[in-house]
Engineer: 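Dropping a structure here in structure tokens format, bear with me for questions.
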Amino acid sequence: YLAGRRGMYAIHSASILYRGGAWLFSASSGTGKSTHTALWNRLYGAEFLNGDLNLLAFDGARPVVLGIPWCGTSEICTEKRYPLGGIVFLRQSPRDEISELSDTERALSVLRRFISPMWDEKAAERAADFAERISGSVPLCRLSCTKENSAAETAKNWVDGQIDG
């Protein structure tokens, strides 16, 4: 609650450090966030940042991920700060494919994954504004995926395309 009042929001996601940015993989519990980040770690040497929860904020106009000591059951966390590279919303599927999100889906997808409390109208408005600001600042996509190496390869190809422009 206090983080939200200070312009910071917790998002349910596992994260890695890749090419200088924090990349978040967000989904409901049991979808495969930890499995997916483990693939990135094993295949591409991406460093784990947090296995359960990431705190988002802005440093001026730049979105950042603030390390927090909370790691849930993953026991993976950092207290360092990194620029936010982007967010990939995971969904289980029998095949691996990336989908772009509409403008409306972008902000709603971010807002749905917040675990920060929105107990009153003002708090909900602040969270919605923050989600919209995040969604306009970084690459976002939906990854329908398997548990196979090909899922990380599909995501990495998309992420590399966002970084290399």
Engineer: Does one hydrophobic cluster hold both Leu108 and Leu143, with members joined at side-chain heavy-atom distances below 4.5 Å?
Structural biologist: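 Different clusters: Leu108 never reaches Leu143 through Ile, Leu, Val, Met, Phe, Trp or Tyr contacts under 4.5 Å.
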Engineer: Ile68 and side chain to side chain contact (heavy atoms under 4.5 Å, CB included): which partner among Asn54, Asn50, Asp52?
Structural biologist: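 The side chain to side chain contact (heavy atoms under 4.5 Å, CB included) with Ile68 is passed solely by Asn50 among Asn54, Asn50, Asp52.
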Engineer: Say whether, by atom type as modelled, one donor and one acceptor occur between the side chain of Lys33 and the main chain of Ser28 under 3.5 angstrom.
Structural biologist: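 Confirmed, Lys33 side chain pairs with Ser28 backbone.
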Engineer: State which residues pass side chain to side chain contact (heavy atoms under 4.5 Å, CB included) with Asp164; sequence neighbours excluded, sorted by chain then number.
Structural biologist: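 Expected list: Arg19, Asp160.
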Engineer: Report yes if the side chains of Pro139 and Trp23 come closer than 4.5 Å at any heavy-atom pair, otherwise no.
Structural biologist: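 Of all side-chain heavy-atom pairs linking Trp23 with Pro139, at least one is under 4.5 Å.
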Engineer: Say whether, by atom type as modelled, one donor and one acceptor occur between the side chain of Arg142 and the main chain of Ser99 under 3.5 angstrom.
Structural biologist: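 Judged by distance alone, no pair lies under 3.5 Å.
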Engineer: Is the shortest heavy-atom distance from the side chain of Ser109 to the side chain of Leu101 under 4.5 Å?
Structural biologist: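 In contact.
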Engineer: His12 and Ser29: side-chain contact (heavy atoms from CB on, under 4.5 Å), yes or no, with the steps?
Structural biologist: CA-CA 9 Å; His12 186 214; Ser29 295; 3.3 Å; yes
Engineer: Checking side chain to side chain contact (heavy atoms under 4.5 Å, CB included) between Leu24 and each of Val88, Val110, Val65, which is the one that passes?
Structural biologist: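 In the set Val88, Val110, Val65, the residue that makes a side chain to side chain contact (heavy atoms under 4.5 Å, CB included) with Leu24 is Val65.
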Engineer: Are the side chain of Asp59 and the backbone N or O of Arg62 linked by a donor-acceptor pair below 3.5 Å?
Structural biologist: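 No, Asp59 side chain to Arg62 backbone: no donor-acceptor pair under 3.5 Å.
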Engineer: How would you list, by chain and number, every residue that makes a side chain to side chain donor-acceptor pair (under 3.5 Å) with Thr146, sequence neighbours excluded?
Structural biologist: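 Residues passing side chain to side chain donor-acceptor pair (under 3.5 Å) with Thr146: Asp96.
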Engineer: CG/Leu66 to CG/Leu56 distance, rounded to the nearest 0.5 angstrom?
Structural biologist: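 The CG atom of Leu66 sits 8.0 Å away from the CG atom of Leu56.
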Engineer: Do any pairs count as a side chain to side chain donor-acceptor pair (under 3.5 Å) and have a residue in residues 35-47, sequence neighbours left out, and if so which ones?
Structural biologist: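 Output for this query lists His36-Trp40, Arg42-Asn149.
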Engineer: Going by side chain to side chain donor-acceptor pair (under 3.5 Å), name the residues that satisfy it together with Ser102, two or more places apart in sequence or in a different chain.
Structural biologist: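 Here the qualifying residues are Glu105.
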Engineer: Report, one line per pair, each donor and acceptor closer than 3.5 Å where one atom sits in a side chain of residues 118-130; sequence neighbours left out.
Structural biologist:
| from | atom 1 | to | atom 2 | distance (Å) |
| --- | --- | --- | --- | --- |
| Asp120 | OD1 | Lys122 | N | 3.3 |
| Asp120 | OD1 | Ala123 | N | 2.7 |

Engineer: Report the distance from atom CE of Met8 to atom CG of Leu55, rounding to the nearest 0.5 Å.
Structural biologist: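 Between Met8 CE and Leu55 CG, I get 6.0 Å after rounding to 0.5 Å.
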Engineer: In Å and rounded to the nearest 0.5 Å, what is the CD1 to OG distance from Ile16 to Ser13?
Structural biologist: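 One finds 11.5 Å between CD1 of Ile16 and OG of Ser13.
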Engineer: To the nearest 0.5 Å, what is the distance between CD on Glu153 and SG on Cys145?
Structural biologist: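 With rounding to 0.5 Å, CD (Glu153) is 13.5 Å from SG (Cys145).
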Engineer: Is a side-chain donor or acceptor of Arg113 paired with a backbone partner of Ala27 at a separation under 3.5 angstrom?
Structural biologist: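 Answer holds: yes.
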Engineer: Between Ile11 and Ile134, is the side-chain contact (heavy atoms from CB on, under 4.5 Å) condition met? List the steps.
Structural biologist: CA-CA 12 Å; Ile11 186 169; Ile134 287 286; over 6 Å; no
Engineer: Think Arg133 forms a cation-pi with Phe58, using NZ or CZ under 6.0 Å from the six-ring centre and within 45 degrees of its axis?
Structural biologist: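 Yes, cation above the ring, under 6.0 Å and within 45°.
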Engineer: What's the separation between atom SG in Cys141 and atom CD in Glu97, rounded to the nearest 0.5 Å?
Structural biologist: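 One finds 11.5 Å between SG of Cys141 and CD of Glu97.
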Engineer: Looking at every non-hydrogen atom in both residues, tell me the closest pair between Leu39 and Ala152 and how far apart they are.
Structural biologist: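 Shortest heavy-atom separation between Leu39 and Ala152 comes out as CB-CB, 3.8 Å.
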Engineer: So how far is it from Ile163 CD1 to Trp158 CH2, rounded to the nearest 0.5 Å?
Structural biologist: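 One finds 9.5 Å between CD1 of Ile163 and CH2 of Trp158.
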Engineer: Let me see the working for Gln162 and Val159 under side-chain contact (heavy atoms from CB on, under 4.5 Å), right down to the final yes or no.
Structural biologist: CA-CA 5 Å; Gln162 302 307 303; Val159 167; 5.6 Å; no
Engineer: Who pairs with Ser93 by side chain to side chain contact (heavy atoms under 4.5 Å, CB included), at least two apart in sequence or on another chain?
Structural biologist: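 Only Arg95, Ser144 meet the side chain to side chain contact (heavy atoms under 4.5 Å, CB included) criterion with Ser93.
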